[in-house]
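Reviewing the structure listed below.
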There are 2 protein chains.
Amino acid sequence: MYKTQPYGGRTDPALPWLNGAAVGLHQPAPGSSNGGAGRIAQSLSLLAQHLPLRRRLVHAGDAIFEAGTPFHQLYVINSGSVKVVNTAADGRNQVVGLLFKGDWLGFDGIAKGHYGCTAQALEIGEIWGFRYDTLMAAAAAQPQLLLELHTEMSRAIVRGRDALLSLCTLPVAARVAEFLRQWAESLATRGLRNDQITLRMSRAEIGNYLGMTLESVSRALSSLERAGVICFTEKGRRLIQIPDPQALSDFIQAEAQATGATLQ
Amino acid sequence: MYKTQPYGGRTDPALPWLNGAAVGLHQPAPGSSNGGAGRIAQSLSLLAQHLPLRRRLVHAGDAIFEAGTPFHQLYVINSGSVKVVNTAADGRNQVVGLLFKGDWLGFDGIAKGHYGCTAQALEIGEIWGFRYDTLMAAAAAQPQLLLELHTEMSRAIVRGRDALLSLCTLPVAARVAEFLRQWAESLATRGLRNDQITLRMSRAEIGNYLGMTLESVSRALSSLERAGVICFTEKGRRLIQIPDPQALSDFIQAEAQATGATLQ
DNA sequence: CGTGCCGTTGAACTTGCTCAAATCAGGTGG
DNA sequence: CCACCTGATTTGAGCAAGTTCAACGGCACG
């Protein structure tokens, strides 16, 4: 397996912190049973209350914003899912993010003054748009808005880093498994059923996202099915069932250790 | 070459925007010849003026903060360089960032309430620390501080995405070249000489950062030297000279195209 | 009913990894 | 100042994961 080997750095005392949990500065909404779903609903309603929103219905394939256009607005997903595609100067491009209800879009525009990525809906959904300067003005009266913004930006940074880590330390099959695990986790956080996933991307898109070929994605899914970690439903090979989320995690763990990617 | 192949997405009209340029919302400092260096000096002095800073001298290897400790402070590099190491729950860890003067540290703590990474100095330098809540309080009086924060967070997001793109679309040799190019660019932005680079990381650390083995890093550097794109100085193989930055870019371009990673 | 796209699977090939040995730089103690 | 030791780096040879190329089946759409 093509994994980076241990390097005798000084930062290696294997640390026991959970990386996946989505606990934030926010206390769970009083009276909400699920921290994740409550948090997201709460923050969406906060926005709705204090900002003039441009609500837009999108269909699969619709662009929410395009790389290169001037930045003025941020967006929040009220429903549906979105992929973010990064494009380099020489035309190489890559899916760099996959976002769901409550996630924000367009942060990369703040620094550069124009969007650096293209965001595209993967299914029917509703996207809320609002101007960055309006948000800042509203935040003067409602500081909670600022905390929300910072938390979401921080989350985006963490997501990017975790993606990098997966990409560098996991073999293909485990990367696909991790992809499914994260997707299921995102659904669970939002209070949706997470025992099945409707892939809204082609094998080619998934492969592009995970840094592998479409054939590798296909093979990885087949091998996950053979291992009994996932099942395909009778109809269509884009609807994936996950009988036991723990089995997915175990699979990833096993693959990671097999490669010696554990480090230190 | 193991590169992701084209996928017939709908987002592919190859876009001509430069990805590397560091132009921001900030207008170049009036009277400063170099936008980058001016911007950084300006934003450092803005912080010094409006915030009580904890200044700390660090030596190579010193930790600025450790993954898992509670988040209260953000940090800014006043001088020196820093690496950021991400650690997963199962012990896999990876260098996910390399930062220089003017860069901020610790954003990942905002969402989770504790730092998710460890930051470690690569050389002697001075790090400024200040509490996040103090920053927010000061921002009420000085909104420029907020813009600064957002710009830096945005920049961190963009950097992460670009790293992902390199990792997925470039073969090893080009990845090393791109690494050097970015380092040189960072130096240039800060008004420092960018015709030579003192690597402050071992081959193993570089490999970990770039998702390859230390042997691959070594071979890539040797091949860059053979191609005349870089030179080693007589003393030590950690001081690298870059006679012609353009040649580096050309090398990357050529390698990228050779793999068909161009897409579209 | 043909055309096109998506997905799967097989076989051969290539890149980058693993293992191993030799070299080199830096620091330590005599 | 030199011998020595340790860790970093380079380089080679063989191997394997994942890619490339290619063929086939299924489903949707005109």
Side-chain angles (χ1 to χ4, degrees), chain A residues 1-10 60-61 122 167-177 198-208 210-226 230 232-240 255-256 258-261 263, chain B residues 1-10 12 60-61 166-177 198-208 210-226 230 232-240 255-256 258-263:
Chain A
M1 312 225 170
Y2 291 15
K3 293 304 106 184
T4 298
Q5 66 190 176
Y7 71 97
R10 320 169 191 78
L122 290 173
L167 209 57
C168 284
T169 61
L170 295 179
V172 264
R175 234 143 68 211
V176 173
T198 308
L199 295 180
R200 296 241 150 65
M201 308 164 78
S202 69
R203 303 291 191 254
E205 280 174 299
I206 297 171
N208 179 283
L210 299 176
M212 63 186 77
T213 59
L214 64 97
E215 292 95 331
S216 289
V217 175
S218 181
R219 278 186 250 267
L221 287 173
S222 298
S223 104
L224 284 172
E225 185 188 22
R226 246 175 286 127
I230 63 169
F232 286 104
T233 53
E234 67 297 337
K235 268 205 158 174
R237 59 272 117 244
R238 279 204 187 185
L239 180 55
I240 290 178
E255 288 270 334
T259 67
L263 283 228
Chain B
M1 312 228 169
Y2 291 13
K3 292 304 110 184
T4 297
Q5 65 188 176
Y7 70 98
R10 318 169 193 81
D12 296 345
S166 287
L167 209 56
C168 284
T169 60
L170 295 179
V172 264
R175 234 140 73 210
V176 173
T198 308
L199 294 180
R200 295 239 150 68
M201 307 163 80
S202 68
R203 303 289 190 256
E205 281 174 298
I206 298 171
N208 179 283
L210 300 177
M212 64 186 76
T213 59
L214 64 97
E215 292 96 330
S216 290
V217 175
S218 181
R219 277 186 251 267
L221 287 173
S222 298
S223 103
L224 284 172
E225 185 188 22
R226 246 174 287 129
I230 63 169
F232 287 105
T233 54
E234 66 297 335
K235 268 204 160 177
R237 62 269 116 252
R238 280 203 184 184
L239 180 55
I240 290 178
E255 288 270 332
T259 67
T262 14
L263 282 229

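Proteins come first, then strands; the chains are lettered A, B, ... in the order of their sequence lines, and each starts at number 1.
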With the side chain defined as heavy atoms from C-beta on, A/T213 is closest, among C/dT8, D/dA8, D/dT20, to D/dT20

Over how many whole Å does the gap from B/R203 atom CZ to C/dA25 atom P extend?
-> 12 Å

Given D/dA8, is OP1 or OP2 found less than 4.0 Å from the side-chain N or O atoms of B/R238?
-> no

Checking C/dT9, C/dG16, C/dC17 against the side chain of A/S222 (C-beta onward), the nearest is C/dT9

List the atom of A/V217, the atom of A/V176, and the distance in Å for their closest heavy-atom pair.
-> CA-CG2, 4.5 Å

Residues forming a side chain to side chain donor-acceptor pair (under 3.5 Å) with B/R200, sequence neighbours excluded = B/E123

Those residues that, when tested against B/R237, pass salt bridge (Lys or Arg N to Asp or Glu O under 4.0 Å) (two or more places apart) | none

Taking D/dT19, C/dC17, C/dG7 as options, the one with an atom nearest any side-chain atom of B/M212 is C/dC17

Per A/R237 side chain, nearest of listed nucleotides D/dG18, D/dT10, C/dT8 = C/dT8

When rounded to whole Å, the CG to C1' distance for the pair B/L239 and C/dA25 reads 15 Å

Would you check if the side chain of A/S218 reaches a backbone N or O of A/L214 as a donor-acceptor pair within less than 3.5 Å?
-> no

Which angle, rounded to 10°, do you find between the first-five-pair axis and the last-five-pair axis of the helix from C/dC1-D/dG30 to C/dG30-D/dC1?
-> 40°

Could you tell me the separation between the CG atom of A/L214 and the P atom of C/dT9, rounded to a whole number of Å?
-> 13 Å

Do the non-hydrogen side-chain atoms of A/R226 and A/S223 ever get within less than 4.5 Å of each other?
-> yes

Can you check the B/L221 CG to D/dT11 P distance for me, whole Å?
-> 10 Å

Side-chain contact check for B/S216: nearest option of D/dT19, D/dT10, C/dG16 is C/dG16

Value in whole Å for how far the C1' atom of D/dA8 lies from CG of B/N208 = 16 Å

Dump every N/O contact between nucleotides 12-15 of chain D and the protein below 3.5 Å, one line per pair.
unit_1, atom_1, unit_2, atom_2, d
D/dG12, N7, B/R219, NH1, 2.9
D/dG12, O6, B/R219, NH2, 3.3

Check the distance between C/dC24's C1' and B/F232's CZ and give it to me in whole angstrom.
-> 13 Å

